[in-house]
Amino acid sequence: MKLTIEFGGGLELLCNSVKVHNVKVDPQDGEEKLTMKGLLSWVCKNLIKERPEMFMKGDTVRPGVLVLVNDCDWELSGQLETPLEEKDVVVFISTLHGG
Amino acid sequence: MADAEAAKPKSGGARQCSVCNQKRAALKRPKTLQQICRDCFYSAFEEEVHNVIVGNQLFKRGERIAIGASGGKDSTVLAYVLSELNRRHNYGLDLFLLSVDEGITGYRDDSLETVQRNKIQYGLPLKVVSYKELYGWTMDEIVKMIGLKNNCTFCGVFRRQALDRGAAMLQVDKLATGHNADDVAETVLLNILRGDIARLSRCTSIVTGEDGPIPRCIYSPNAYRGFAREFIKDLERIRPRAILDIIKSGENFRISASTKMPEQGTCERCGYISSQKWCKACVLLEGLNQGLPKLGIGRTRGLNNDHKMDATQTSGSKPCGTLDF
Ligand SMILES: [Zn+2]
Ligand SMILES: [Zn+2]
């Protein structure tokens, strides 16, 4: 499915300073439907070019990275379990870099 | 599947704002754990800031206030909220944006662009002061002189003073700087780890003389600081209120009257707050200008003890306030 993925707050530096990525992602390993969990592993493999530890910690994003799915904090949509749909917009913002 | 669909915010009204019960919730406030929509968050935030301003009598009608503008999110929020509240509640303040250009090739391009946008968006006059203008040296020139290793000292000291000196040039009554809760909590922790009691008791106060949060070094980010930040973000994940609780603890630190505190005087040379004869920036600058850049780094106190220097005219430092939220 087609998704828009955006990086901000300095995270774009991990992907060649490109902030907005229009991508096509299929369900990941064994998932019936793409979830944020699958998307994170896809992003790590395909978009993050350096210092992945600035983005991930364990199997989820590093504390201090804000995740929005369609302008809504993913805490409200089930975090890793959040199901994704065609044309969803997923935004990752680091709050760890200077204000 | 049906449950997963229901949890999905965009599938019509699944999770509504607990304040207005109309719009869909966009975030969970760590402070209250309320799920609220974007508009309700804005109004709650603005109302809280207004209450803090009024409750602490931070400003007086007719005052000139500089807003420290770095182009980052904290200062952008500050510029927005102050200009909005000034209008809405008719504070009668003269607001200015004040930005510092360190003179590092490429470093400020993005952020100065954001500051320019803030100027237009909020209709505020903008003053950009450069290190070159303030100190006679750009950060690039300093690095060329001393190499990459020691510039942390310069970075910290010069950045801490740059806004205050710029504020004096603008002849404002107060300087407002924006800090997020993470930064303040981190500073509380760092001051505890360093055993810096004096700074610990000052770092959370809403109006300060000298200390804001400890400035970041832009050339080589501090590993110690990185650790503190990661630690508080880990804590927050377990308990969202942890960050506010750390700040609260910092605020509650009271120094007993018998503890001897370093005296706060002013620098003979530039008038900036200093416990020594010369402030740290003036010592560092003197070293640079004499071609002895290591002067003032580490424990060297040569200039403060041995030399008697004429007080030269520079920016008369004004009382400067820091506004935290
Ligand atoms: Zn609402
Ligand atoms: Zn001085």
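Labels below follow one simple rule: chain letters A, B, ... track the order of the sequence lines, proteins then strands, and each chain is numbered from 1.
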So, for D182(B) and T95(A), which heavy atoms are closest and what is the spacing to 0.1 Å?
OD2-OG1, 4.1 Å
Show the nearest heavy-atom pair for residues A25(B) and C72(A), with the distance to one decimal.
O-SG, 3.5 Å
Considering all heavy atoms, the nearest P63(A)-K233(B) contact:
CB-CB, 3.4 Å
K49(A) atom NZ, neighbour heavy-atom count above 12 within 6.0 Å
yes
Go through it in stages, so that I can follow the logic: the residues are K28(B) and L76(A), the test is side-chain contact (heavy atoms from CB on, under 4.5 Å), and I'd like the CA-CA distance, side-chain angles, deciding distance and then a yes or no.
CA-CA 7 Å; K28(B) 191 152 107 187; L76(A) 301 186; 4.0 Å; yes
Would you mind reporting whether D71(A) and R38(B) have side-chain heavy atoms less than 4.5 Å apart?
yes
Looking at every non-hydrogen atom in both residues, tell me the closest pair between N70(A) and R24(B) and how far apart they are.
O-NH2, 3.0 Å
Return the minimal non-hydrogen interatomic distance between V61(A) and R237(B), and the atom names on each side.
O-NH2, 3.1 Å
Side-chain heavy-atom pair R62(A), E230(B) within 4.5 angstrom cut-off
yes
Correct closest heavy-atom pair for D234(B) and K57(A) would be OD2-NZ, 2.9 Å
